Structures are given as structure tokens and as C-alpha cells.
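Atoms within a ligand are numbered from 1 in the order they appear, just like the ligands themselves. These numbers come from a predicted model, not from an experiment.
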Amino acid sequence: MNNKTKFLAIALSIFSLSARAEKISLVGGTVINPADGKVLPNATVVIDGDKIERVAIGKQDAASLGKQIDCSGKFILPGYVDTHIHFFQSGDLFTRPDGADLNSVRSYKDEVAWVKSHLNDVFARYLRCGITSVVDVGGPFWNFEVRKTADQTQKAPRVAVAGPLISSVSREKLDLGDPPIVKIDTPDQARQFVRKLAEQKPDLVKIWYIVDKDHPVESFRPIVRATIEESHTHKIRVAVHATELETARAAVEEGADVLVHSVTDKPVDDAFVKLLKERHTILCPTLVVFERYGRTFSHQLNLTPEEKTWGNPEVIASLDVTKIPQDKLPDRIKTALAKPDETLDRIKKTYDIALPNLKRLQDAGITIAAGTDAGNIGTIHGPALFREFQLMKEAGLTPMQILQCTTANAAKLFGGDVGAHIGKIENGYFADLIILNSNPVDDIAHASDIDAVIKNGVIYPADSILR
Ligand SMILES: [Zn+2]
């Protein structure tokens, strides 16, 4: 071989390596498959390229395993899925000027520019937390670009997205020309807007069903109906924000496929539970977000060690409201700061309803998918999921049930062809896996004790991801 052909041969072999991840096998670990609750000790998971080739117990023929990775003493899970996040929001104090206007401290334009320039950072933080897929349930049209960017980025979760939220109300302060929330006034407008969304091939259409004395449940209902009918015509599922029992009931009766929050105003009744069961509606509880606005504004933020370590430090630093000059604080924050006990009491009242509701729906066999609403003020992209797990535990879910909510059930919410190949450790599924140092079935707190994360067949030692 002359030098030139030698060079070519090396170049070709490097090319074939990078084009296709090598065959690797995770040997001797305990495989946990929350989909059916099965736990396989001393198992071998063979990964060929981006897919799981097989899962077997006991000694295997070494020749068929490729590169072996010793996982004895470790626990192997499908990658987690956070089914409710928003990439257009950073989680910092300035990300929702419609809720707390701090434009005089940092303009919303600057905030959005920061968000757009930190996408890779957010992607990596999800992976660090073992979250290998996320569902963005609503944002500006540039959300579709985010999905494309994630698809082209190696160190990123799989991303499903909805476009702008269809709503009864508008939010001018979020409108920089491509608003995340669009006010729709008639069924015809709704159908037109869904057709415009359909061109972008959204994974979901999102309705922001906001009800107050000026917007009763029934007045927006024809728009909900038209949105769902038109979406279903295009074979697109519909996710609805509806936090009151009667709003949620109306949404499901009209055909909503997903409820993106818990019901928080009153206990769910038998008829509602039956309705969800009959319609196979998926519910995402988003418990963590219910405490974070209030706790941030009243300077009572309770970030977990995971959030403090793996959250974006700039975002976290911004959440200290005492650093904002007094004369620039919006009334909502001033009030919360003056009376933190009232804020905490309100949060407790919300959980007194939301947690038993979750337990009731779980016991009734409703498909619950874990999600955080990360990106909202104080809800940290990535590690917020571990606070969500704590709250699901407080509601009375077992560790295995929580793990099922964030893997197999969450994959159903993700949907599509990708959703049908994530959330389980099975032949032919994507090799999106987490290797843990301690057993999460014993204690859900171990779910964050991450040794390594595998996304699309590529293995990342956990402490290398954010370096
Ligand atoms: Zn949300």
C-alpha cells in the first residue's frame, strides 16, 4: 500500500466509525423496564448503532458483544422523558413579562436573544439529567427550528413540539412578532390557524383554555371543538391546558388527547375519571411548576441539589428577587415578598387538591406522563424533573410507577414513530439509556444518581456532559 492509498483507507475507516456508532454491550447490570415493571439482574444489553439489538440474562458469547462495558452493581433504565417543557422560556426571572414585567431591568427582547443563544446549553443539561427526550408543548413558530436543531445536534434530547398556543386570551408582552400565544376568536379562525400549523408538521397542537369571569368555559368551547376537529383531520393530536375540573372535562369531551396539567381547583369526580379512561386521555401533572412562581416571588425558592448543580447558573442567579431594586419590582412580587406565608399557604392548598387527584387517576389506571413545565419562572430546564419525582412520591406513587410515568407512558405522549421506539429497553428500540449507581426502585431519589447517559447509542459519562 502506498502512502496515498494508506491515507485513504484510514480516512474511510474513520468515516465509517463516525457515521455509525460502534457495537457496545452493557454487561452484568440490573435492567429495569418500568413499562411492565420487570427487573432483570445480571443482564446484558447489546447496542448496535443507534438501536438496542437484544437484552439477555446470564453469560453471553463474548464474540457477539462488541465493546463490553462492565455494569455490575449498576442499574440500567430507559432514558427519562420530560413531557412538558418550553424552550422559548429560560426559567429565569425575566422570561414571563406577562406575569411579572421586569422589562426595566432586562428587556424581553434581550431575554429571548439569550434563550436562542443558549439552546445547546439547555440540550446538554437535559442529557446530564438522563432526559433523552422532551416534549415542548407550545411556543413561537421558531419552536419548529428548535426541533430541527436538536435533531442535528448529537448532545441533545429528542424533541417533539407544538407551535403557538391557541387561546381565548392574548399576551401582548410576549409578542415580538412571532408570539407564543395567539388569541383565536372564531371556529373558522381556529381551523385556518390549525391548517397553518399543519404545514410545520407539529407533534401536537396546543390549546391554552384559560377560563375566568370574562372567558367562561362555554364561550371558548366552540373554538376548542373546531381546533380539535381540524387537528384530527390532519392526524395531529391536541394537548390542552385546562386546570379547572369543568374546563378539563369540557376539553376531554371535545376530544382532547392530552391534558397538560393536573386539575387544581377541586377533587376529580367519578364521571371525570371514567371519561379519561374511556377516551384514553393522557394526563401530565406538572406539579413542580405550581410552587415555583410563588416561591420565587416570595423569596422562598426550594431548589433541589440537582437543580443547583445541573441547572444553568445564570438562570438560577436571576431568581433572587431581593437583588432587584425596590422601585423596579412589579406589584405581584412586592405582595409576595411582603406576605410569604400567604404565598406558601396558597401553594399548599393547590397541592392539597392536585396530589390526591394524581393518586386517584393513577389508581384508576389513567396514563400519567411525567412533566415539569420547565422554562417557567423558577422551573429549571433539566433537573426540575427530579423535584417532580419527589412530588409524585408525596402524592403516593411508588418508585416504579413514577419511573413508568417518565419512560413508557411519557413515550406515548411523545407520540409518532419516535415515541413508538423510546421508553423501553427492548429489541429495536432506540438506545437511549441511563446507567445509575443505585437502585431507583428502592428509593426514587436514586433516579438522579447517574453514572452515564446513552443517547442514540452514544455513551456519555455523566460528569463529562456539562464540562
Ligand atoms: Zn406549559
Side-chain angles (χ1 to χ4, degrees), residues 81-92 94-100 111-112 115 122 126 131 133-144 146-147 157 159-171 173-174 179-183 197 202-211 224 227 237-244 247-248 251 256-264 281-296 315 350 354 358 368-385 387-388 391 405-406 410 413-415:
V81 185
D82 187 336
T83 66
H84 189 147
I85 74 146
H86 298 281
F87 282 116
F88 83 98
Q89 302 180 150
S90 66
D92 76 13
F94 314 104
T95 212
R96 285 300 293 264
D98 56 328
E111 165 69 11
V112 171
V115 166
V122 174
Y126 276 106
I131 299 165
S133 298
V134 298
V135 182
D136 182 317
V137 289
F141 270 95
W142 58 262
N143 246 8
F144 297 109
V146 175
R147 177 177 61 182
V159 171
V161 291
L165 286 65
I166 290 173
S167 182
S168 51
V169 296
S170 59
R171 286 287 183 266
K173 284 182 179 165
L174 301 178
I181 295 167
V182 173
K183 184 169 179 284
L197 285 169
D203 299 280
L204 292 159
V205 162
K206 169 82 171 281
I207 299 173
W208 208 42
Y209 200 164
I210 299 299
V211 167
V224 171
T227 301
R237 296 166 306 148
V238 179
V240 183
H241 168 118
T243 53
E244 307 85 12
T247 318
D257 302 277
V258 177
L259 291 173
V260 301
H261 294 292
S262 302
V263 166
T264 57
T281 317
I282 303 175
L283 183 136
C284 174
T286 68
L287 300 169
V288 52
V289 75
F290 297 134
E291 68 179 354
R292 289 299 169 77
Y293 276 89
R295 280 189 172 272
T296 303
V315 167
T350 303
L358 170 57
I368 307 292
T372 59
D373 216 351
N376 277 287
I377 295 175
T379 306
I380 309 298
H381 278 295
L385 189 62
R387 176 62 183 150
E388 186 71 21
L391 290 162
C405 291
T406 198
L413 200 160
F414 193 102

- Just wondering, is there an N, O or S atom on H261 that's nearer than 2.8 Å to the Zn ion (ligand 1)? no
- Item | Side chains of D373 and T379, donor plus acceptor under 3.5 Å |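 Absent: no donor and acceptor within the cut-off.
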- Item | Step-by-step side-chain contact (heavy atoms from CB on, under 4.5 Å) determination, H241 to I210 | CA-CA 8 Å; H241 168 118; I210 299 299; 3.7 Å; yes
- Presence of salt bridge, R237 and D257, under 4.0 angstrom: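 Answer for the salt bridge query: no.
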- Query: Do any of the N/O/S atoms of H86, backbone or side chain, fall under 2.8 Å from the Zn ion (ligand 1)?
  - Reply: yes
- Query: What is the name of the N/O/S atom in D373 that sits closest to the Zn ion (ligand 1)?
  - Reply: OD1
- Audit row: E388, V289, side-chain contact (heavy atoms from CB on, under 4.5 Å) steps and yes/no: CA-CA 9 Å; E388 186 71 21; V289 75; over 6 Å; no
